[in-house]
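Here the structure is laid out as structure tokens; the discussion comes afterwards.
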Amino acid sequence: MRARAAPAVSDAKYKKPVIYKTIEEPTLLRELLVDDIFVLGGQFAILCQWAHPGLAIGSYQRSNFKTRVALRLKTTLRFLNAAVYGSDEDKEAIFSVIHKYHAPVHGEGYDANDPELHKWTAATLFVSVVVIHELVFGKLSRETQEKLFRESAVYGTSLRMPPELWPESLDAFWAYWDHNIATLEITDEARSLCRDLLYPENMPFELAALLPLSRLVTANVLPPRLAKEYNLEPTVAGRALFNTVMYGMATVYPLLPQSVRQNHYHRNMADLERAVKRIKDTGHWAGTPAA
């Protein structure tokens with residue numbers, strides 16, 4: 001499938017990106033991801049991404065995660081929300097910044113423009129949604145999982161993965177996933193990044209307060225080989241605590257009012273709107289005002 005160029009805008013302050021048409025509109029993702037609970041799968045997705053040496057070395061050499069986790073979370077959510085909820089105009093603006101960041105990120109063993117890396121990134125995001133949904137809301141039907149699988153291609157195509165690279169079926173996807181989980185190498189760079197991600201500095205209080213829960217969930221849902229190689233294998237006590245916490249969360253969280261469950265979603269969408277306006281005005285989201 002051929003990529004389409006974004007429509008021309010005569011006064012645009014940014015270079016209009018090439019955007020691939022995705023496989024299926026993310027209608028179900030839009031319904032699900034209004035729930036803030038899915039952010040709890042973020043560490044899982046990132047650590048699975050870093051299991052790919054190309055993603056690990058690129059992040060290690062180009063990013064300072066330890067002191068910038070909060071900022072990286074904000075900019076990642078801009079990308080994810082633009083991909084799932086954004087208008088064509090939102091996508092043009094946000095993806096122009098993402099693609100500009102990626103353009104110079106390449107070296108021996110890695111290239112941020114490699115579509116295979118984008119495919120693996122999208123795969124981890126899909127699986128993170130499945131994992132968190134099944135922990136909190138219950139097991140997904142085969143039909144629902146297949147729909148989410150097709151829709152999740154949008155994460156890859158938004159990063160310039162040609163849609164034909166996405167696995168042809170859900171069974172083919174899980175074969176691809178299982179092969180990578182069994183064979184990808186956790187490097188020293190990945191382990192260093194893992195420590196920075198799980199124990200960051202300069203975190204706002206509301207995010208820092210969630211880190212113990214995030215670490216508990218991440219250690220217990222990572223594929224066992226990855227947990228072992230990241231030195232995150234849960235203890236018996238840790239596993240028991242996880243089971244207790246998740247039982248309580250699965251019981252209570254679905255009963256919370258939407259205003260609580262969607263608080264951060266609405267704040268993040270407002271940030272996306274401000275970032276798009278900033279890009280239109282300046283060509284970049286740097287300096288996007290806070291709420």
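FYI, side chains are in, hydrogens and waters are out, and symmetry mates aren't considered; it's all heavy atoms of this structure.
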Applying side chain to side chain contact (heavy atoms under 4.5 Å, CB included) to Arg78 and Val97, what does each step give before you reach the verdict? CA-CA 11 Å; Arg78 287 173 186 166; Val97 176; over 6 Å; no
Does the ring center of Phe79 lie less than 6.0 Å from the ring center of Tyr155? no
Less than 4.5 Å apart, side chain to side chain, heavy atoms only: is that true for [X] and [Y]?
| X | Y | value |
| --- | --- | --- |
| Cys194 | Leu47 | yes |
| Leu197 | Trp50 | yes |
| Glu273 | Val276 | no |
| Lys139 | His133 | no |
| Leu165 | His118 | no |
| Leu198 | Leu211 | no |
| Asp271 | Lys74 | yes |
| Leu32 | Leu148 | yes |

Using every non-hydrogen atom in the two residues, find where [X] and [Y] come nearest and quote the distance to one decimal.
| X | Y | value |
| --- | --- | --- |
| Tyr230 | Ala51 | OH-N, 3.6 Å |
| Pro163 | Lys21 | CG-O, 3.5 Å |
| Pro254 | Val136 | CG-O, 4.1 Å |
| Asp114 | Glu116 | OD1-N, 2.9 Å |
| Met246 | Leu135 | CE-CB, 3.7 Å |
| Thr282 | Lys13 | C-CB, 3.9 Å |

If you count heavy atoms of other groups shown closer than 6.0 angstrom to [atom1] of [X], is the number above 12?
| X | atom1 | answer |
| --- | --- | --- |
| Glu201 | CD | yes |
| Arg215 | CZ | yes |
| Glu134 | CD | yes |

Expected output: side-chain [X] to main-chain [Y] donor-acceptor under 3.5 Å:
| X | Y | result |
| --- | --- | --- |
| Ser96 | Ala93 | yes |
| Trp285 | Thr75 | no |
| His99 | Pro17 | no |
| Thr251 | Tyr247 | yes |
| Asp35 | Ile37 | no |
| Arg274 | Pro289 | yes |
| Ser87 | Asp90 | yes |
| Thr144 | Leu140 | no |
| Arg225 | Ile181 | yes |
| His52 | Leu117 | no |

Got a second to check how far [X]'s [atom1] is from [Y]'s [atom2], nearest 0.5 Å?
| X | Y | atom1 | atom2 | answer |
| --- | --- | --- | --- | --- |
| Tyr60 | Arg191 | OH | CZ | 12.0 Å |
| Asn263 | Gln258 | CG | CD | 12.5 Å |
| Leu71 | Thr76 | CG | OG1 | 9.0 Å |
| Met161 | Trp120 | CE | CH2 | 13.5 Å |
| Glu229 | Leu222 | CD | CG | 11.5 Å |
| Met269 | His264 | CE | NE2 | 15.5 Å |

So, are [X] and [Y] salt-bridged, with charged N and O less than 4.0 Å apart?
| X | Y | answer |
| --- | --- | --- |
| Asp171 | Arg142 | yes |
| Lys277 | Asp281 | yes |
| Arg261 | Asp36 | no |
| Glu151 | Lys147 | yes |
| Arg30 | Glu24 | no |

Run the numbers on Thr157 and Ile19 for side chain to side chain contact (heavy atoms under 4.5 Å, CB included), then give the verdict. CA-CA 7 Å; Thr157 56; Ile19 301 174; over 6 Å; no
Students often mix this up, so state it plainly: with edges at 30° and 60°, are the rings of [X] and [Y] parallel, tilted or perpendicular?
| X | Y | result |
| --- | --- | --- |
| Trp166 | Phe173 | tilted |
| Tyr253 | Phe137 | perpendicular |
| Trp177 | Trp174 | perpendicular |

Could you walk me through whether Gln49 and Thr124 satisfy the side chain to side chain donor-acceptor pair (under 3.5 Å) test, starting with their C-alpha distance in whole Å, then the side-chain angles of each, then the deciding distance to 0.1 Å, before giving a yes or no? CA-CA 7 Å; Gln49 288 165 29; Thr124 68; 2.9 Å; yes
If you group Ile, Leu, Val, Met, Phe, Trp and Tyr by side-chain heavy-atom gaps below 4.5 Å, do [X] and [Y] land in one group?
| X | Y | answer |
| --- | --- | --- |
| Leu193 | Tyr199 | yes |
| Val260 | Leu33 | yes |
| Leu210 | Val221 | no |
| Leu40 | Leu241 | yes |
| Val69 | Phe205 | no |

Using a 6.0 Å distance limit plus a 45 degree cone around the ring axis, check whether Lys91 lies over the aromatic ring of Tyr85. no
Between Phe38 and Ser128, is a side chain to side chain contact (heavy atoms under 4.5 Å, CB included) present by the stated rule, with each step listed? CA-CA 8 Å; Phe38 286 100; Ser128 75; over 6 Å; no
Quick one: do Gln262 and Arg267 satisfy side chain to side chain contact (heavy atoms under 4.5 Å, CB included)? Show the steps, please. CA-CA 9 Å; Gln262 299 177 6; Arg267 289 162 57 181; over 6 Å; no
What do the steps show when you test Arg239 against Asn220 for side chain to side chain donor-acceptor pair (under 3.5 Å), and what is the final call? CA-CA 7 Å; Arg239 177 65 70 178; Asn220 282 274; 3.3 Å; yes
So which of Leu28, Leu125, Leu29 actually passes side chain to side chain contact (heavy atoms under 4.5 Å, CB included) with Ser152? Leu29
